[in-house]
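As a basis for the values below, the full set of heavy atoms in this structure was taken, side chains included, without hydrogen atoms, waters or symmetry mates. In what follows, chains carry the letters A, B, and so on, assigned in the order in which the sequence lines appear, proteins first and then strands, with residues in each chain numbered from 1.
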Amino acid sequence: MKTDLQQALKKYYGYDQFRTGQLEILESVMQNRHTLGVLPTGTGKSVCYQLPAFMRSGQVIVVSPLLSLMEDQVKQLRAKGFKRVAALNSFLNYEDKQQVTRNLASYDLLYVSPEMLQNDYLISRLMQLEIQLFVVDEAHCISQWGKEFRTDYLRLAEVVRTLRNPPVLALTGTATPEVQTDIQHLLGDLEMEKHIYPMDRQNIAYFVQEVQDQQEKNETMLALLRKIQAPTIIYFSSRNMAESVAALIRINMPDMACAYYHGGMENEDRILIQQQFLAGQLQIICCTSAFGMGVDKEDVRLIIHYHLPNDKESFIQEVGRAGRDGKESVSVVLYSTGDWQIPVHLIEQDLPEQSSIQQLMRNLYQRVKAGMTDLPAYELILQHIPIGETQWRFLLYQMEKHDIVKGNQLQYNAQTWKDFLEQIEKLVGDRKKHKLVQLQRMKEWVYTDTCRRQILFAHFQRTVRPASGRCCDNCGDTLQDWETVPVSVQQDAAGWREQLRFLLQQ
DNA sequence: CGGTATTGTAGCGCTAGTTAAGCGAGTACCGGAAGGT
């Protein structure tokens, strides 16, 4: 088995040796066992399912959270000469989608979004295949996004059952034990062989800097940027702030190429910014949490948190984008006391108020009574009830789970609806409490006076490895003696625009 | 003291407009009709 895999690695990729964890995960996959792989580095995860796709018969289905990730993968594979690969998503027009869907058997590797897997027609076509492996890439999304933001992630368990339980491979870069259990549970309580590799990066040093107000925050940030002139990501919890601080940096540091990035931008601009950062034409990115997945840049030296993430998992993920090359890198959290308001607000915003739920159910009841059993569209709901889209999707998922909605129809039953209201109140309460506890843990980490490395990973790993260089401010380390690495910024944005256009045309 | 904060996909609908699309279709499920007992 091992020699077969090694030969295949050589044949398809030209490598002589597997990277950490790849062989172990592959052996588990090749024996058709459900597998959970947590591999910290950004590279090399895809080998774990691409190799089986090339070596064996039957299809490999890969669930991927971002269209850009799917497109990247497909483009790379096509460029390497693997033609039996496709991504099925809304980038395709109706004809191409039909073409792919009708000829699924002619692909070895098929990338899809979780939303796409809710399409009945696609499922019926998939059922006619012999699926050798069902992969969930970036599997932490199941736990992190599934419960409110992208509920279709929770419906993957049902999809796996419908497809007659093919072997499942869940892959991610960071997953705490809690998230690992969540993934297993939410994929249908699968018995999974786990291959977990430590995520405490030894070359990242942690610093927290308290500031009194925004002006001091900006000054501290600028001083840091001047000191560590190297590829930097600055995380914000607000799109507007990301934009305005990017402008501030441009004015104060005209030599450092800086841009902003967030979910409200045009797709083309987002791709462009990310490409420029990867190519070293941009040194600083001011961004929201939208930036990161699929960003595999080796030499990111500094991660600044201008605002705080909602939990330690997100923080670890964001910080983990530094120092992939193994060289010493730095995380700096800038905080002032009022900063906690933002994550609290964001947590509240994800989940509906009890009064909104009651209003909604009353509204739906009136519709049913008037003979309109069709599920109203979100836009229509919004005219009557002030409810966010995420909240609506959360409730919709719960209503389907409780048989209040079936297909596109409302099913009225007095008792069911009454029970639903009670259960949903408890669920929302528990969920908010849980998220606030996670935020509280983040807060404790900021205020701790013991080793930050120990506290950050304490609940996540049995042992925390020592830092290879500097550890953290609480261990007496400072950035005073940090060697400034001169950077050369290439001013070639126009050339990149052309290259991007060329890439998009293919 | 008041305002203000993230994350993405798909989209058979009736848009936006001195823009163009070119609507294509397999399957499961349900209710009703036909036919069997």
Enquirer: For residues P198(A) and P40(A), report the shortest heavy-atom separation together with the two atoms involved.
Expert: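 For P198(A) versus P40(A), the nearest heavy atoms are O-CG, 3.3 Å.
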Enquirer: If you compare every side-chain N and O of R239(A) against the phosphate oxygens of dT7(B) (OP1, OP2), does one of them come in below 4.0 Å?
Expert: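 So the side chain of R239(A) is within the cut-off, an N or O lying under 4.0 Å from OP1 or OP2 of dT7(B).
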Enquirer: Between the side chains of E138(A) and T172(A), is a donor N or O closer than 3.5 angstrom to an acceptor N or O?
Expert: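 The answer is no; no qualifying pair exists.
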Enquirer: Find every protein N or O atom lying less than 3.5 Å from an N or O atom of nucleotides 9-11 of chain B, and list the pairs.
Expert:
residue	atom	partner	partner atom	Å
dT9(B)	OP1	L67(A)	N	2.4
dT9(B)	O3'	S113(A)	OG	3.1
dA10(B)	OP1	S113(A)	OG	2.6
dA10(B)	OP2	S90(A)	N	3.1
dA10(B)	OP2	S90(A)	OG	2.7
dG11(B)	OP2	K97(A)	NZ	2.8

Enquirer: Between dT6(B) atom P and M293(A) atom CE, what is the distance in whole Å?
Expert: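 Whole-Å distance recorded here is 17 Å.
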Enquirer: Check this one for me: any side-chain N or O of Q341(A) less than 4.0 Å away from OP1 or OP2 of dG3(B)?
Expert: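 For dG3(B), neither OP1 nor OP2 has a side-chain N or O of Q341(A) closer than 4.0 Å.
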Enquirer: State, to 0.1 Å, how close T416(A) and H402(A) come at their nearest heavy-atom pair, and which atoms those are.
Expert: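 Minimum heavy-atom separation between T416(A) and H402(A): CG2-O, 3.4 Å.
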Enquirer: Measuring centre to centre across the rings, with the benzene-like ring taken for any Trp, is Y261(A) within less than 6.0 Å of F236(A)?
Expert: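 Aromatic pair excluded; centres sit 6.0 Å or further apart.
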Enquirer: Kindly point out which of dT27(B), dG8(B), dT7(B) is positioned nearest to the side chain of T288(A)?
Expert: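 In terms of side-chain proximity for T288(A), the closest of dT27(B), dG8(B), dT7(B) is dT7(B).
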Enquirer: In whole Å, what separates the P atom of dC30(B) from that of dG36(B)?
Expert: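 Roughly 26 Å separates the two P atoms.
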Enquirer: Please give, in whole Å, the distance from dG8(B) C1' to H262(A) NE2?
Expert: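 Rounded to whole Å, this separation is 15 Å.
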Enquirer: Using the C1' atom on both, measure dG13(B) against dG22(B) and round to a whole Å.
Expert: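 Comparing C1' positions in dG13(B) and dG22(B) gives a spacing of 15 Å.
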Enquirer: Return the value, rounded to whole Å, for the distance between atom CE of M265(A) and atom P of dG8(B).
Expert: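 Atom CE in M265(A) sits about 12 Å away from atom P in dG8(B).
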Enquirer: How close or far is atom C1' of dA28(B) from atom CZ of R125(A), stated in whole angstroms?
Expert: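 Going from R125(A) (CZ) to dA28(B) (C1'), I get 14 Å.
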Enquirer: Restricting to non-hydrogen atoms, name the atom on Q391(A) and the atom on Q349(A) that form the minimum distance, rounded to 0.1 Å.
Expert: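 In terms of heavy atoms, the two residues are closest at NE2-O, 2.9 Å.
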Enquirer: Check E313(A) against T176(A) and note the closest heavy-atom contact, atom names and distance.
Expert: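 Nearest pair, atom of E313(A) first, then T176(A): OE2-OG1, 3.2 Å.
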Enquirer: Determine whether the aromatic ring of W145(A) stacks with the base of dT7(B), defined as ring centroids separated by less than 5.5 Å and ring planes inclined by less than 30°.
Expert: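 Check failed, W145(A) does not stack on base of dT7(B).
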Enquirer: Sort by first number and list every stem of DNA chain B: at least 3 consecutive Watson-Crick or G-U wobble pairs, both distances under 3.5 Å.
Expert: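 Stem list for DNA chain B: none, no run of 3+ pairs.
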Enquirer: Check the distance between dC30(B)'s C1' and N408(A)'s CG and give it to me in whole angstrom.
Expert: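 N408(A) atom CG is separated from dC30(B) atom C1' by 15 Å.
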Enquirer: Compare every heavy atom of C286(A) with every heavy atom of I249(A), then report the nearest pair and how far apart it is.
Expert: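 For I249(A) versus C286(A), the nearest heavy atoms are CD1-SG, 3.8 Å.
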Enquirer: Consider the side chain of A290(A), meaning its heavy atoms from C-beta on, and name the nucleotide among dG26(B), dA5(B), dG8(B) that approaches it most closely.
Expert: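 Given the options dG26(B), dA5(B), dG8(B), the side chain of A290(A) is closest to dG8(B).
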Enquirer: Establish, from distance only, whether the side-chain atoms of Q50(A) and Q73(A) form a donor-acceptor pair under 3.5 Å.
Expert: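 Q73(A) and Q50(A) do have a side-chain donor-acceptor pair below 3.5 Å.
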Enquirer: What's the CG-C1' distance between D311(A) and dT7(B), to the nearest Å?
Expert: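 Between C1' of dT7(B) and CG of D311(A): 12 Å.
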Enquirer: If the glycosidic angle sits within 90 degrees of zero it is syn, else anti. Tell me which applies to dG24(B).
Expert: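 Nucleotide dG24(B) adopts syn.
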Enquirer: Quick check against the 3.5 Å criterion: does N252(A) have a side-chain atom that pairs as donor or acceptor with the backbone of L248(A)?
Expert: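 Yes, because the side chain of N252(A) sits within donor-acceptor range (under 3.5 Å) of the backbone of L248(A).
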Enquirer: Are the aromatic ring centres of Y235(A) and Y306(A) under 6.0 angstrom apart?
Expert: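 Here the rings of Y306(A) and Y235(A) have centres that are no less than 6.0 Å from each other.
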Enquirer: In this structure, how many angstroms lie between the P atom of dG8(B) and the CD atom of E71(A), rounded?
Expert: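 One finds 16 Å between P of dG8(B) and CD of E71(A), rounded.
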Enquirer: What is the distance, rounded to the nearest whole Å, between atom CD of Q349(A) and atom C1' of dT4(B)?
Expert: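 Taking CD of Q349(A) and C1' of dT4(B), I get 10 Å after rounding.
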Enquirer: Taking the six-membered ring for Trp and the full ring for Phe, Tyr or His, determine whether the centres of F277(A) and F291(A) are under 6.0 Å apart.
Expert: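 Aromatic pair counts; centres sit under 6.0 Å.
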Enquirer: Which of these passes side-chain contact (heavy atoms from CB on, under 4.5 Å) with Y49(A): I61(A), D137(A), T35(A)?
Expert: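 Per the side-chain contact (heavy atoms from CB on, under 4.5 Å) rule, the option paired with Y49(A) is D137(A), out of I61(A), D137(A), T35(A).
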Enquirer: Roughly how many Å apart are dC12(B) and dC23(B), using the C1' atom of each and rounding to a whole number?
Expert: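 One C1' to the other, the span is 8 Å.
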Enquirer: Mind checking the C1' distance from dG11(B) to dA21(B)? Whole angstroms is fine.
Expert: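 Result for the C1' pair: 15 Å, nearest Å.
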Enquirer: Is the base of dC12(B) syn or anti, if syn means a glycosidic angle within 90° of 0?
Expert: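 In terms of base orientation relative to the sugar, dC12(B) is syn.
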Enquirer: Looking only at non-hydrogen atoms, find the nearest pair between P376(A) and L410(A) and report the distance.
Expert: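 Reported closest heavy-atom pair: CD-CD1, 4.3 Å.
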Enquirer: Check the interface with nucleotides 21-24 of chain B: list each N/O to N/O pair with the protein under 3.5 Å, or write none.
Expert:
none

Enquirer: Please pick, from dT6(B), dG26(B), dA5(B), the nucleotide with the shortest atom-to-atom distance to any side-chain atom of Y121(A).
Expert: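 Of all the options, the side chain of Y121(A) is nearest to dG26(B).
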Enquirer: Classify Q118(A) by what it touches in the nucleic acid, base, sugar-phosphate, or nothing, heavy-atom distance under 4.0 Å.
Expert: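 Q118(A): no heavy atom of the nucleic acid under 4.0 Å.
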Enquirer: Would you mind classifying the nucleic acid contact of H307(A) as base, sugar-phosphate or nothing, using non-hydrogen atoms under 4.0 angstrom?
Expert: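 Answer is nothing: H307(A) stays at 4.0 Å or more from every strand.
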Enquirer: C1' atom, dA20(B) versus dT15(B): distance in rounded Å?
Expert: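 Each nucleotide's C1' atom is 12 Å from the other's.
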